[in-house]
Amino acid sequence: MTIPESIASFTFSPLSKFKGNSSIISLRNPLSFFGLRTGICLLQTVLAPFHSTSSSNCQSQRNHPRSMFEKITNLDDALILFDEMAQRQPPSSDLKFNQLLQAVTKMKHFSSSIELFKRMNALRIPFNVYTINIVINCCCKLHRTTEGFALLGYGFKHSIKPDVFIFNTLLNGLILEDKAIIAERFFKKLIKEEICDRDVIMYNTMIKGLCKCGINNKAIGLLKLMDERGCKPDVVTYNTIIDSLCKDEMVDDSLKLFKHMVLRKYIRPDVVTYNSLIRGLCNLCRWDEASKMLKEMEDERISPDVWTFNILVDALCKGGHVADAEGVIKLMIQRGKDPDVVTYNSLIDGYCLQGDMSKAKEVFDSLEFRGLIPNIVTYNSLLNGYCKKSRIEEAMHLFQEIVKKGLKPNVTTYSIMLHGLFLIGRCKDAYKLFNKMRSQNVIPDRFTYEIVLEGLCNNNEVDEALYFFHLMGENKLNSCTNVYNILIDGASLMGEAKELFTEMEKRGCLPNDVTYRVILQGFIKKEEQGMIERLLKEMEDKGFSIDASPLEMLLDQIAAKSLDGSLIKLIGKVVPKGVDSLGFKS
DNA sequence: ATAGGGTTAG
């Protein structure tokens, strides 16, 4: 296979010629993705041919909105128009009302849409199956799918027979709310009892649901099944699974599916397909392949969009190459793709990661001038930067600004702040903030709990941590292994640790390598021969290997004769393969 | 000719 010229000019840069191996360079230096010297010459080469035909002419095609409702860009105008339409004699058609409702929905004012529908009913303005679907969709987007189902009944009363659109909307609602089991039952019922026509969107929606709860195989199974049943999968079907596989770091499987789609099924990939794959490859630092993909999409006349550029900017920033990210932003502007707030959020994140808070702040301040409005993610990035540098006062100040700007701090915002407060030992303030979070109805997630528990442990508040942990009760924490690890690590009283260790298995959360490292270290410190033996045996049975740090501690203590040499045999069985220098035979 | 599905934050 030949490497495209434009990539080659970049990949086989002067340095790699000396080494005669491009992959070494790219592994060690992700920068090679964008050229060694300036960082962005690859992108320039790859992306240049399309420069003149960039999508600027797309805009001119949209000079004439299909309906006057597309002109409505803010909620107030929509509400005024509604009043006008409601008073008009003769009254506006249901078509017009639907268009208005849809315009409000497109602006994401879902509750307002529902309110308008209620007013239509109060005013006895007639509605149809489209109206009902728009409103059900609003309920679903607000995670109020139950109300969506209720509207179904309301429609029946008004002789509105639900169609496949409505059932798909509801199915999607269930999946948005993570009710996959109910969704699957609903889906099967629709199909088995032939309640409505089935179409590709119904299958796609169900496939998304399966992917969302991590059962990619089942999703692929359904993909095959729909094909067999004569419902042809389309690019969205494949995109859904391709993206899910990429997110689960199964990029090779994803690429296989991609090839299957293109070469066997003759389905043309689109920009979303490429974006998913490029993101997946970047996340695994497979830069060369990512740039090949970029080249491929250009060859296929699929123009990178703002998402594509944002993915590149984000990957570069996360890899610490902020200067290159800045270069990509210049490039995207050249190509007529205006950077959005997501672009700059990544950049802010990148500067924060480098610890360059003044640059981060500079980018943040530039948003206004660029006509962009910072969102909660923007604030979270900056907050995180300040907190990590223990600049808590500035963080606090920013936190207050969030509320002033009419934004709502979310679970991430609070978690970042809590982390910052614990970092500088302000446990009391952290506790206060935690309570404030609860009073604002922001639900802590597993990260929040981990931050609180770790924060307390690090500040020698192990008893508080344990108390807090038990207060959480049966609260289902997905990563409860992590939580136990933190607590076991924090509990210097080893009796407590032992209890937690037994308790975690009882609660169905399995110890992992971190658990064993942490608990082993504790018992080595306490020189508890018996417990160490038990743990080493258990590790051998479960196939865990010992970490470098407890191993070193163990050997030191054996050498100092504070632990018995008979342990050596057991240790040999849990030393990871490849550690031969220590003279163990496994 | 007015409704439904796929890609980015700690």
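Quick caveat, the model's predicted, so the values are computed rather than measured. In what follows, chains are A, B, ... by sequence order, proteins preceding strands, each numbered from 1.
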Tell me whether the OP1 or OP2 atom of B/dT8 has a side-chain N or O from A/Lys247 closer than 4.0 Å.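 Checking B/dT8 against A/Lys247, a side-chain N or O does come within under 4.0 Å of OP1 or OP2.
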Any A/Gln99 side-chain N or O less than 4.0 Å from OP1/OP2 of B/dT2: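 Yes, A/Gln99 has a side-chain N/O under 4.0 Å of OP1/OP2 on B/dT2.
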Closest to side chain of [X], choosing from [options]:
| X | options | value |
| --- | --- | --- |
| A/Ser276 | B/dG10, B/dA9, B/dT7 | B/dT7 |
| A/Gln102 | B/dT7, B/dG10, B/dA3 | B/dA3 |
| A/Thr412 | B/dT7, B/dG10, B/dA9 | B/dG10 |
| A/Val272 | B/dT7, B/dT2, B/dG10 | B/dT7 |
| A/Asn128 | B/dT2, B/dT8, B/dG10 | B/dT2 |
| A/Asn410 | B/dT8, B/dT2, B/dA9 | B/dA9 |
| A/Val377 | B/dG10, B/dA9, B/dT2 | B/dA9 |

Using a heavy-atom cut-off of under 4.0 Å over every strand shown, decide if [X] touches base, sugar-phosphate, or nothing.
| X | result |
| --- | --- |
| A/Val271 | nothing |
| A/Asp94 | nothing |
| A/Thr169 | sugar-phosphate |
| A/Asp243 | sugar-phosphate |
| A/Asn375 | nothing |
| A/Asn172 | sugar-phosphate |

[X]: which residues meet the ring pair (Phe, Tyr, Trp, His ring centres under 6.0 Å) condition with it, sequence neighbours left out?
| X | value |
| --- | --- |
| A/Phe110 | none |
| A/Phe434 | A/Phe468 |
| A/Tyr431 | none |

In whole Å, what is the span from the [atom1] atom of [X] to the [atom2] atom of [N]?
| X | N | atom1 | atom2 | result |
| --- | --- | --- | --- | --- |
| A/Met293 | B/dT7 | CE | P | 18 Å |
| A/Leu257 | B/dT7 | CG | P | 15 Å |
| A/Lys96 | B/dA3 | NZ | P | 13 Å |
| A/Asn380 | B/dT8 | CG | P | 18 Å |
| A/Phe399 | B/dG10 | CZ | P | 18 Å |
| A/Lys161 | B/dA3 | NZ | P | 20 Å |
| A/Ile348 | B/dA9 | CD1 | P | 15 Å |
| A/Leu407 | B/dA9 | CG | C1' | 14 Å |

Assess whether a salt bridge exists between A/Asp305 and A/Lys337, defined as any Lys/Arg side-chain N lying under 4.0 Å from an Asp/Glu carboxylate O. no
A/Asp365/A/Arg370 salt bridge by N-O under 4.0 Å criterion: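 Not counted as a salt bridge, because no side-chain N and carboxylate O are separated by less than 4.0 Å.
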Result for side chain to side chain contact (heavy atoms under 4.5 Å, CB included) between A/Tyr274 and one of A/Ile311, A/Leu294, A/Ile242, A/Ile302 points to A/Ile302
On a plain distance test, is the side chain of A/Asp445 in donor-acceptor contact with the base of B/dG10 below 3.5 Å? yes
Does a donor on one side chain sit under 3.5 Å from an acceptor on the other, for A/Asn345 and A/Ser381?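 On atom types as modelled, these side chains do not qualify, holding no pair under 3.5 Å.
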Just jot down the side-chain contact (heavy atoms from CB on, under 4.5 Å) partners of A/Val235, sequence neighbours excluded, or say none. A/Asn239, A/Met261, A/Ile267, A/Asp270, A/Thr273
For DNA chain B, which residues in residues 129-160 of chain A have a heavy atom at a distance below 4.0 Å? A/Tyr130, A/Asn133, A/Ile134, A/Asn137, A/Lys141
Is there any salt bridge (charged side-chain N to carboxylate O under 4.0 Å, His left out) pair reaching into residues 163-181 of chain A, and which pairs are they, with sequence neighbours excluded? A/Glu177-A/Lys179, A/Asp178-A/Lys212
